[in-house]
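Residue numbering restarts at 1 for every chain, and letters A, B, ... go by the order of the sequence lines. Values below: all heavy atoms of this structure, side chains included; hydrogens, waters and symmetry mates excluded. What you see is a predicted model, and the numbers here were worked out from it, not measured in a lab.
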2 protein chains.
Amino acid sequence: MEMQSQGYTEDECYRKLRTAIIDGTLMPAQRLVEMDLARWLGASRATVRTVLARLEQEGLVERERYRGARVRHVSHEEAVEILEVRMALECIIARYAAERATDEEIAKMEELLGWMREKFEEGDLVSYSEGNARLHRSIAEMSRHTTARRLLDTLNSQNVRYQYRTILAPGRSHPSFLEHAAIVQAIAGRDADAAEHAMRKHLSHVCDTLRKMRSGP
Amino acid sequence: MEMQSQGYTEDECYRKLRTAIIDGTLMPAQRLVEMDLARWLGASRATVRTVLARLEQEGLVERERYRGARVRHVSHEEAVEILEVRMALECIIARYAAERATDEEIAKMEELLGWMREKFEEGDLVSYSEGNARLHRSIAEMSRHTTARRLLDTLNSQNVRYQYRTILAPGRSHPSFLEHAAIVQAIAGRDADAAEHAMRKHLSHVCDTLRKMRSGP
DNA sequence: TATGACAAAGATGTATACAACATGATTCTG
DNA sequence: CAGAATCATGTTGTATACATCTTTGTCATA
C-alpha cells in the first residue's frame, strides 16, 4: 500500500494560514471551511481545527459554535486601539534597544535607514513602507524583550492593511522619515529616554493620522 | 440505551483548565496528558486538544510535538517583563477610565477603595490584595478599551503568583494603598493626565519591588 | 559495572465515521 | 399568495481506531 503524502506539521499550517490572512489572500469575513483548508494545506481536519483555535486566540479569526470560522474584521475603532497599544509597547522596546543593542546591530540599523532614505527620495513609497516595517522589527529584536516582542507581533498582524494607508497618507512621508531618523539616532546614541521619546512622538503622529481617517475602510 | 453525560463545551473546558492553571491547582512544568484532562473535564480528547492549543497561544501552556503539553513556567525575568508591559497598558486604561467613566462607576470604585482601606487597617492583607485586583479590573472596565483589556487579562493570568508576593512584601502595603487612592482620586476628578501619572508611579514601584526580589521562587 | 541495542509501554498525531446543528429550499396549510 | 412547518444539504463537533513517535526498562556484551 502506498503512503499518502504525509501532510504538513501543525506549525507549518499555522504560519501558512496566518500569512494568508495577514497579506489579504483571505479577506475579512470570509468563511474558513475546515475541509477546504485541510485540502489546501495538505493536512488533516484535526490539524486545521487546532490551528483555527490558535488563530482565534490571536485575534485573527472568529469562531462560532456549529457555525464555523471566519477571518475577523478589524473595525476602524479597533485599529486605533491597537495602534495605541502598539505605541505603548514600542516605547518599551525602543528604550531597551537603546540599552542593549550591539554595535553590529546599530550599524545594520543605520544602513537600513540609509536604504529607506534612498527609497523615499526616489519616491518609491511601497519599498519605503517595507523598510519601515523592517526597521520596527529590528528595533524589537534589539530590545531582547520577549514579552513585548511577542505581543507586538500579534498586534501588527492585525492592522497591517491600515498601516499601509497611514504611511501613504498625503504629506506624511517626509515627517515619517524624519521621525524614524530621530529614533535611530537616539538608539545609536544609547540614549534610552530619547529613544522612548522619539518613538512616542512618531507613533502619536501616526495615531493622529489614523484618527482623522474616519471615512476610510 | 442511556445517554452519556453529554460532555462540556469547549469554552467551558477552556475556562476550567485556565483557572486551574492560574490558581495553582496545576503546577508549572506539570504534564498535561490529554486523556487524563479529557476524563477530568468530561470532554473528548479532540476538545482538550484545541483547548491546549488556545492556552499555548495565550502563553499558559507549552506544547512540544510528540511530547505533549505542560504548564508553562514563568521565570523571574519574564515576570518583570510582563509587569513592564502591564504598566504600559494600565497607563492607557487609566487615562481612558478618567475620560469615560460614568458617575455610577466612579461611586462604586470609591466604595471599593473604602472597603480596601478597612481591610488594610484591619491588617487583612489577603482581602486587601483581592480588592487590589478588583480595583484594577474595574478600571479596565471603565476604560472601554477592548484591546488593552484583553491583553491585560492574559498578562495578569501569567503572573498572579508573583503579584501576591509583591503586594505582601514587607513595608509595601501602606505605600500601595496610598498609590491606589491617588489613582482613584485622579479618575474621579476626570483628570486623564493625573490618572496615567499616578498609575505609572504605582506600577513602577511594584516593578522595582519585583526586581529586587531576585531570590524569590 | 558501564554501555549499547532493542523491545514494551504510553502518549501524541491523524484518518474515518457518525451525530448534532444551522441554513436554505420545498411543501403544506390557511 | 403568505406564512409556517418540514425536509435536504452542508458544516461542525465528537467518538473511535490506528499510526507514529518518545520514553523507559530490560538484557546482552565488553
Task: Side-chain heavy-atom pair B:Arg190, B:Glu99 within 4.5 angstrom cut-off - done: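 Contact flag for B:Arg190/B:Glu99 side chains = no.
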Task: Flag side-chain contact, heavy atom, 4.5 Å: A:Ser138 against A:Lys108 - done: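 The answer is no, as the side chains (C-beta and beyond) never meet within the 4.5 Å cut-off.
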- [ ] May I ask you to say whether A:Arg45 pairs ionically with A:Glu34, meaning some side-chain N is under 4.0 Å from a carboxylate O?
- [x]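 Salt bridge between A:Arg45 and A:Glu34, a charged N being under 4.0 Å from a carboxylate O: yes.
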Report which part of the nucleic acid [X] touches: base, sugar-phosphate, or nothing (heavy-atom distance under 4.0 Å, all strands).
{"X": "B:Arg31", "value": "sugar-phosphate"}
{"X": "A:Leu32", "value": "sugar-phosphate"}
{"X": "B:Arg45", "value": "base"}

Between [N] atom [atom2] and [X] atom [atom1], what is the distance in whole Å?
{"X": "B:Arg39", "N": "D:dA15", "atom1": "CZ", "atom2": "C1'", "result": "14 Å"}
{"X": "B:Asp36", "N": "C:dT12", "atom1": "CG", "atom2": "C1'", "result": "13 Å"}
{"X": "A:Arg70", "N": "D:dT11", "atom1": "CZ", "atom2": "P", "result": "13 Å"}
{"X": "A:Asp11", "N": "C:dT12", "atom1": "CG", "atom2": "P", "result": "17 Å"}
{"X": "A:Tyr66", "N": "D:dT12", "atom1": "OH", "atom2": "P", "result": "13 Å"}
{"X": "B:Glu10", "N": "D:dA15", "atom1": "CD", "atom2": "P", "result": "13 Å"}
{"X": "B:Glu34", "N": "D:dT14", "atom1": "CD", "atom2": "P", "result": "15 Å"}
{"X": "A:Leu41", "N": "C:dA15", "atom1": "CG", "atom2": "C1'", "result": "17 Å"}

TODO: From the options C:dA22, C:dT14, D:dT22, select the nucleotide whose nearest atom is closest to the side chain of B:Arg65.
DONE: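 For the B:Arg65 side chain, the nearest candidate turns out to be C:dT14.
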Task: Of the listed nucleotides C:dA11, D:dT20, C:dA15, the one nearest the side chain of A:Ser44 - done: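 Nearest to the side chain of A:Ser44 among the choices is C:dA15.
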Task: With sequence neighbours excluded, residues passing side-chain contact (heavy atoms from CB on, under 4.5 Å) with A:Glu141 - done: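 In terms of side-chain contact (heavy atoms from CB on, under 4.5 Å), with neighbours along the sequence ignored, A:Glu141 is linked to A:Arg149.
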Task: 5' precedence on DNA chain C between B:Gly68 and A:Arg67 (nearest-nucleotide basis) - done: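 This one resolves to B:Gly68.
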- [ ] Look only at the side chain of B:Glu90 and the backbone of B:Met87, and say whether a donor-acceptor pair between them is shorter than 3.5 Å.
- [x]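 Absent.
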